Protein chains: 2
Amino acid sequence: MLSKNQLKYVQSLHQKKFRQQHGAFLVEGAKSVQEVLAADFTVELLLATEAFHKENSRLTDRQRTPVEIATVAELERAGTLESNNAAIAVVRTKENRPLVAEAGEIVLVLDDIRDPGNLGTILRIADWYGVRKILCSDTTADVYNPKVISASKGSFTRVAWWYGDIQPVLEAAAGQADFAAYGAFLDGEDVHSLSFGRGGYLIMGNESNGIRPEVGRFVTKRVTIPRFGDAESLNVGIATAVLLDNWRRVLNQ
Amino acid sequence: MLSKNQLKYVQSLHQKKFRQQHGAFLVEGAKSVQEVLAADFTVELLLATEAFHKENSRLTDRQRTPVEIATVAELERAGTLESNNAAIAVVRTKENRPLVAEAGEIVLVLDDIRDPGNLGTILRIADWYGVRKILCSDTTADVYNPKVISASKGSFTRVAWWYGDIQPVLEAAAGQADFAAYGAFLDGEDVHSLSFGRGGYLIMGNESNGIRPEVGRFVTKRVTIPRFGDAESLNVGIATAVLLDNWRRVLNQ
């Protein structure tokens with residue numbers, strides 16, 4: 001049974017302000033909670049149904065995770081999911097450490113991606129295509145938003161992110177000899193015939209406005225997904241997947 | 001000013017039952033309403049702000065669309081969008097006509113796609129990649145759901161769909177000499193090295209369970225998007241886009 005204070009604390013983490021204040025975020029639902037328990041995160045409290053706790057005691061014993069047994073009704077009141085018959089983990093946020101691109105690595109740069117669903121999907125896509133580092137502009141949606149975590153389908157445990165001013169980072173990287181930054185524009189080179197380099201940055205811009213000019217100036221190759229019909233644009237998650245698929249295909253040949 | 005009856009009627013169209021009963025659905029927001037007014041649909045009533053009506057009178061005059069001036073508050077009360085400062089169109093649904101694949105055409109088959117957001121995204125992707133016909137199993141989300149219409153970003157005006165039992169349709173098509181049906185499976189042929197044929201069916205399955213066996217038996221080529229990382233799967237919209245991108249690339253070479 002959850003105490004009133006526990007309930008209040010968990011509910012406060014629906015909001016970015018309190019996530020930042022407490023340095024904690026929520027992971028909800030059976031699959032995501034299992035993934036976070038098995039991963040390199042510190043779970044400060046697990047709210048779980050009796051059944052979920054029994055089935056996953058190996059995972060909770062591993063880090064001696066504090067567990068509070070909760071009913072489905074309590075989970076649904078405490079969390080953000082419409083239905084949750086398993087668990088909610090309260091997890092410590094990670095330190096915002098700079099990410100250094102290694103030679104030949106593909107690094108994703110998100111310039112002002114506002115929609116949490118899009119960001120979560122992008123984490124999952126990055127994870128599928130083996131992209132391990134994501135640089136996010138300060139204005140990009142908060143990765144610890146429960147919608148992002150949920151949409152990432154566990155991929156948040158396998159991808160690293162950094163938030164901050166991406167301009168100086170790209171500025172510093174641009175000074176290196178093998179620097180390459182691909183940016184999605186409507187007037188770029190056709191990705192079906194482009195020979196991507198071994199590694200580099202893939203910059204994706206805001207859902208409505210695309211890449212900001214002050215970030216776009218670092219792009220060394222403007223790329224475009226060819227269109228065969230009449231839709232005006234593709235969703236930013238879809239575009240990220242198609243671009244990474246084309247990039248990986250070239251590297252794999 | 002909306003009458004009480006108009007408001008009730010528009011609100012009833014949030015539900016599938018009443019959309020079917022009245023043969024009408026809702027299109028909301030400036031961009032989508034402009035697209036539907038310009039397209040081959042019958043708008044039976046347009047609720048619009050004074051400003052939207054003035055700016056778009058050329059479009060409403062075209063079909064002598066009945067217009068009711070509404071406030072933003074009325075639009076938001078009548079519709080499903082959280083914010084709508086432009087318009088809602090009440091539009092006649094189309095007859096559910098069989099779609100015949102032409103030689104060399106790519107036709108999309110949706111086997112039990114349940115999520116309206118996914119379906120809307122898939123319409124937009126089909127439109128981008130020039131796919132004009134979509135066959136939907138009866139269990140696929142209702143295309144006239146306001147979430148589908150909204151997620152399609154106007155592409156619902158450029159893509160045709162049919163709902164019904166897809167098995168007899170595939171059965172009949174399979175009798176033809178040049179029949180090809182590609183289906184996404186985890187153990188299929190790598191789409192990066194596959195030579196897609198000129199046309200055929202692309203079958204996409206349910207978000208959790210994939211393609212049903214009774215539909216899967218029509219698949220002539222099992223295909224797989226290669227994975228370079230650790231995510232368990234890709235979202236069905238993402239997978240549709242990557243498969244169509246690979247298919248169009250091959251045809252374009």
Side-chain angles (χ1 to χ4, degrees), chain A residues 31-32 34-35 39 106 108 115 117-118 120-133 151-159 190-194 207-208 224-253, chain B residues 31-32 34-35 39 106 108 115 117-118 120-133 151-159 190-194 207-208 224-253:
Chain A
K31 194 94 202 326
S32 296
Q34 284 166 337
E35 296 231 36
I106 298 176
L108 199 52
D115 182 77
N118 284 343
T121 304
I122 290 173
L123 292 185
R124 188 174 169 194
I125 292 162
D127 188 19
W128 179 274
Y129 284 106
V131 173
R132 295 283 164 235
K133 292 169 190 165
S152 87
K153 302 278 179 191
S155 289
F156 74 93
T157 62
R158 289 180 293 269
V159 173
D190 181 343
V191 294
H192 286 180
S193 48
L194 184 74
E207 288 90 342
S208 307
T224 293
I225 299 169
R227 177 173 75 163
F228 299 85
D230 299 302
E232 220 171 73
S233 64
L234 287 171
N235 161 285
V236 64
I238 302 284
T240 305
V242 171
L243 292 173
L244 287 175
D245 188 74
N246 276 276
W247 197 338
R248 283 293 185 201
R249 161 202 279 272
V250 170
L251 294 189
N252 216 25
Q253 271 163 356
Chain B
K31 195 92 202 324
S32 295
Q34 285 166 338
E35 296 231 33
I106 298 175
L108 199 52
D115 182 78
N118 284 343
T121 303
I122 289 173
L123 293 185
R124 187 174 169 194
I125 292 163
D127 187 21
W128 179 272
Y129 284 106
V131 173
R132 295 282 164 236
K133 293 170 188 163
S152 87
K153 302 278 178 191
S155 290
F156 74 94
T157 63
R158 289 179 293 269
V159 174
D190 181 342
V191 294
H192 285 181
S193 47
L194 185 74
E207 288 90 342
S208 306
T224 293
I225 298 169
R227 178 172 73 164
F228 299 85
D230 299 301
E232 223 171 70
S233 64
L234 286 171
N235 163 284
V236 64
I238 301 284
T240 304
V242 171
L243 292 173
L244 287 175
D245 188 74
N246 277 276
W247 197 337
R248 284 292 185 204
R249 161 204 280 272
V250 170
L251 295 187
N252 218 25
Q253 268 162 357

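Chain A is the first sequence line, chain B the second, and so forth, proteins listed ahead of strands; every chain is numbered from 1. Because the structure is a prediction, the values reported are computed rather than measured.
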Is there a donor-acceptor pair under 3.5 Å between the side chain of B:R124 and the backbone N or O of A:S233?
yes
Winner by heavy-atom pair count (cut-off under 4.5 Å) against chain A, out of B:G154, B:G229, B:P226:
B:G229
Measure distances from B:R227 to the heavy atoms of chain A and classify the residue's part below 4.5 Å as side chain, backbone, both or neither.
both
Side chain, backbone, both or neither: which part of B:V191 has a non-hydrogen atom closer than 4.5 Å to chain A?
backbone
Test side chain to side chain contact (heavy atoms under 4.5 Å, CB included) on A:W128 and B:I238; report intermediate values, then the result.
CA-CA 11 Å; A:W128 179 274; B:I238 301 284; over 6 Å; no
Between B:S193 and chain A, with a heavy-atom cut-off of 4.5 Å, which part of the residue counts as in contact: side chain, backbone, both or neither?
neither
Would you indicate whether A:K133, at its atom NZ, is surrounded by more than 12 heavy atoms from other residues, nucleotides or ligands within a distance under 6.0 Å?
yes
Could you walk me through whether B:D190 and A:R249 pass the salt bridge (Lys or Arg N to Asp or Glu O under 4.0 Å) check?
CA-CA 10 Å; B:D190 181 342; A:R249 161 202 279 272; over 6 Å; no
Over all atoms of both residues, closest heavy-atom pair of A:D245 and B:H192
OD1-NE2, 2.9 Å
When rounded to the nearest 0.5 Å, the distance separating CZ of B:F228 from CG of A:N252 is 4.0 Å
B:L123, part contacting chain A, at a heavy-atom distance under 4.5 Å
neither
Relative to chain A, which of B:V242, B:D230, B:I225 shows the most heavy atom pairs under 4.5 Å?
B:D230
Could you tell me the separation between the CD atom of A:E232 and the CD atom of B:E35, rounded to the nearest 0.5 Å?
7.0 Å
One option among A:N246, A:V159, A:V131 has the most heavy-atom pairs under 4.5 Å with chain B, and it is A:N246
Picking from B:A239, B:G130, B:A231, which has the most non-hydrogen pairs under 4.5 angstrom with chain A?
B:A231
Rounded at 0.5 Å granularity, tell me how far CG in A:N235 sits from OG1 in B:T121.
6.0 Å
